[in-house]
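Beneath this line is the structure, given in structure tokens, with notes to follow.
Just so you know, these numbers use all the heavy atoms, side chains as well, and skip hydrogens, waters and symmetry mates.
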Amino acid sequence: MADERALDEVVTFTSELIRIDTTNRGGGDCRERPAAEYAAERLAGAGLEPVLLERTPGRTNVVARLAGTDPTADALLVHGHLDVVPAEAADWSVHPFSGEVRDGVVWGRGAVDMKNMDAMILAVVRAWARQGVRPRRDIVIAFTADEEASAEDGSGFLADRHAALFEGCTEGISESGAFTVHDGSGRQLYPIAAGERGTAWLKLTARGRAGHGSKVNQDNAVTRLAAAVARIGEHEWPLRLTPTVRAALTELAALYGVDPDLSDVDTLLAKLGPAAKLVEHTLRNSSNPTMLDAGYKVNVIPGQAVAHIDGRYLPGGEDEFRATMDRLTGPDVDWEFEHREPALEAPVDSRTFARMRAAVQEFAPEGHTVPYCMSGGTDAKQFSRLGITGYGFAPLKLPEGFDYQALFHGVDERVPVEALHFGVRVLDRFLRTA
């Protein structure tokens, strides 16, 4: 069991990591090195030998290995990213990089995404060092840069250039799983991620004939682009049930005592109430227009117009996504991937998934663990290049009314101290038994 010092340290580490501004605005302007050095110092204090690795100066990653007791067992990767998305201080109740601890809550950018999990990992391994604990499996710990952008300086760099550090790893855990979801009727759900939709960030380019804004122009690039963007934004993607989503719907139906009729998913979702949110964004591919860029003066028709689309596709859905984009863009608009990562699927009947369930249920016996698929993505995508199966498991016990999902990249991001304590206890138990 994690000791009292670990419970104090997880709060301190979360707060102090938040104070280290690792804002990633994209384009390479982030500097994770101070946070990486902070994490490495604490790993070294636990008797580990962390390695700091950079593709680009200042974009630092940390990797360390903790030897297990069974040299024949597969290794487990435990990873968290050090960068955070931007935060506008004027919009917040507290300064987003204050790391303030107030009324039993730690405030600041990264409190849930995901310096809390980074702090849990550090607190657990340091508690083990004090107690002389060794896990069954080798555990490889990785703190990464650049997850909030392309991951090229982070997990992508590690997977491509430093694969040897992850030798023997077959599975990994990271963010977005085992957090409390209150369904409004007294039930507490703990979704554990066993899949991710693929990432397809697209650039659309329309070309036409430049000219004077007062002249009739049938080759207007803006018109062509706008039509394609409208078609994409209005497209209704067909329902596709992946194995993880099928498992989630089946377990939720059993929990709520309703007919698990997967031939009529809309009716089933209506019977699940708020719990339907766990699956409703992973039933289909998606394509959301997010950026437009055209022209430089109101009376000049530009020769080119550009748009960007945030596309996501289900496991097994990439071919359908490509074909649909070809059709929706039409002959007058070109499209290309600006960033693409695969969709992931992980088994929900594995030993590791069972151990995650058991660890949560030991400390939240009133809760119900269920599998789910993430609508977005994590560093698990890059580590999958090494054959590592990824799960989302960053446990937090949250009070009713605490909208965990809304705080990802949101204003007033924060995490309760008790949630961090729960996370340390559950993570400690899982890693001991995994």
Side-chain angles (χ1 to χ4, degrees), residues 1-17 39 42-48 64-70 73-80 101 104-106 111-112 114-141 143 171-175 177-180 188-192 350-369 391-399 402 404 415-434:
M1 178 76 70
D3 58 20
E4 288 299 316
R5 184 173 171 186
L7 303 184
D8 291 337
E9 284 192 338
V10 70
V11 177
T12 299
F13 295 163
T14 301
S15 175
E16 292 180 350
L17 281 167
R42 279 142 192 83
L43 290 173
L48 303 184
R65 182 179 287 256
L66 175 59
T69 59
D70 182 357
D74 295 330
L76 177 70
L77 172 62
V78 181
H79 59 102
V101 183
V105 177
V106 184
V112 299
M114 64 171 299
K115 290 179 175 178
N116 61 338
M117 178 63 167
D118 298 338
M120 289 182 213
I121 296 167
L122 293 172
V124 168
V125 298
R126 287 168 63 86
W128 286 1
R130 291 190 293 271
Q131 298 166 355
V133 172
R134 288 178 61 194
R136 182 183 69 89
R137 310 165 70 169
D138 277 16
I139 293 176
V140 176
I141 298 165
F143 296 116
E171 297 171 307
I173 64 166
S174 190
E175 61 186 317
F179 51 91
T180 319
Q188 297 179 25
L189 308 177
Y190 286 85
I192 298 173
S350 67
R351 181 185 190 277
T352 296
F353 196 89
R355 291 293 187 271
M356 287 188 283
R357 281 192 195 265
V360 171
Q361 290 172 340
E362 178 171 344
F363 294 98
E366 71 287 359
H368 305 274
T369 56
Y391 292 98
F393 189 74
L396 293 171
K397 185 175 179 61
L398 301 169
F402 191 94
Y404 170 82
V415 63
V417 167
E418 288 301 317
L420 295 172
H421 290 174
F422 173 84
V424 166
R425 293 185 179 107
V426 174
L427 189 63
D428 168 74
R429 181 51 51 89
F430 165 66
L431 293 177
R432 288 176 188 242
T433 60

Establish, from distance only, whether the side-chain atoms of Thr180 and Tyr190 form a donor-acceptor pair under 3.5 Å.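 Checked: Thr180/Tyr190 side chains pair up, N/O donor to acceptor below 3.5 Å.
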Which atom pair, heavy atoms only, marks the closest approach of [X] to [Y]?
{"X": "Val415", "Y": "Ala419", "answer": "CG2-CB, 4.1 Å"}
{"X": "Phe422", "Y": "Leu396", "answer": "CD2-C, 3.6 Å"}
{"X": "Arg425", "Y": "Phe363", "answer": "O-CE1, 3.6 Å"}

Holding to salt bridge (Lys or Arg N to Asp or Glu O under 4.0 Å), I want the full list of residues that pass it with [X], two or more places apart in sequence or in another chain.
{"X": "Arg134", "value": "none"}
{"X": "Arg137", "value": "Glu171"}
{"X": "Glu4", "value": "none"}
{"X": "Glu175", "value": "none"}

Can you give the donor-acceptor pairs under 3.5 Å from side chains of residues 121-130 to other protein atoms, not counting sequence neighbours?
residue : atom : partner : partner atom : Å
Arg126  : NE   : Glu9    : OE1          : 3.1
Arg126  : NE   : Glu9    : OE2          : 3.3
Arg126  : NH1  : Arg42   : O            : 3.2
Arg126  : NH2  : Glu9    : OE2          : 3.1
Trp128  : NE1  : Asp428  : OD1          : 2.7
Arg130  : NE   : Asp3    : OD2          : 3.1
Arg130  : NH2  : Asp3    : OD1          : 2.9
Arg130  : NH2  : Asp3    : OD2          : 3.4

Please confirm whether the backbone N or O of [Y] pairs with a side-chain atom of [X], one donor and one acceptor, at under 3.5 Å?
{"X": "Arg355", "Y": "Thr433", "answer": "yes"}
{"X": "Ser174", "Y": "His79", "answer": "yes"}
{"X": "Asp138", "Y": "Gly68", "answer": "yes"}
{"X": "Glu362", "Y": "Arg357", "answer": "no"}

Between [X] and [Y], is any pair of side-chain heavy atoms under 4.5 Å apart?
{"X": "Leu398", "Y": "Pro416", "answer": "yes"}
{"X": "Met120", "Y": "Thr14", "answer": "no"}
{"X": "Met356", "Y": "Thr369", "answer": "no"}

Can you tell me how far OG1 of Thr352 sits from CD1 of Ile173, rounded to the nearest 0.5 angstrom?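 Separation between the atoms: 9.5 Å.
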When rounded to the nearest 0.5 angstrom, what is the spacing between CG in Leu420 and CG in Asp8?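 Rounded to the nearest 0.5 Å, the CG-CG separation comes out at 11.5 Å.
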Determine the sole option in Val11, Leu7, Val105 for which the side-chain contact (heavy atoms from CB on, under 4.5 Å) test with Val417 is passed.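 The side-chain contact (heavy atoms from CB on, under 4.5 Å) with Val417 is passed solely by Val11 among Val11, Leu7, Val105.
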For [X], what residues pass the side chain to side chain donor-acceptor pair (under 3.5 Å) criterion, not counting sequence neighbours?
{"X": "Thr12", "result": "none"}
{"X": "Glu418", "result": "none"}
{"X": "Ser15", "result": "Arg19"}

For Phe143, give me all partners under ring pair (Phe, Tyr, Trp, His ring centres under 6.0 Å), at least two apart in sequence or on another chain.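 Partners of Phe143 under the ring pair (Phe, Tyr, Trp, His ring centres under 6.0 Å) test: none.
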Quick one: list whatever passes ring pair (Phe, Tyr, Trp, His ring centres under 6.0 Å) with Tyr404, sequence neighbours left out.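 Tyr404: ring pair (Phe, Tyr, Trp, His ring centres under 6.0 Å) contacts with Phe179, Phe408.
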Looking at Lys397 and Glu366, is there a salt bridge between them, counting it only when a charged N and a carboxylate O are closer than 4.0 Å?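 Answer for the salt bridge query: yes.
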Who passes side-chain contact (heavy atoms from CB on, under 4.5 Å) against Ala178, sequence neighbours left out?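 Counting only residues at least two positions away or on another chain, Ala178 forms a side-chain contact (heavy atoms from CB on, under 4.5 Å) with Ile192, Val360, Phe393, Pro395.
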Under the side-chain contact (heavy atoms from CB on, under 4.5 Å) test, residues paired with Val140 that sit two or more places apart: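 Counting only residues at least two positions away or on another chain, Val140 forms a side-chain contact (heavy atoms from CB on, under 4.5 Å) with Val63, Arg65, Leu77, Phe166, Cys169.
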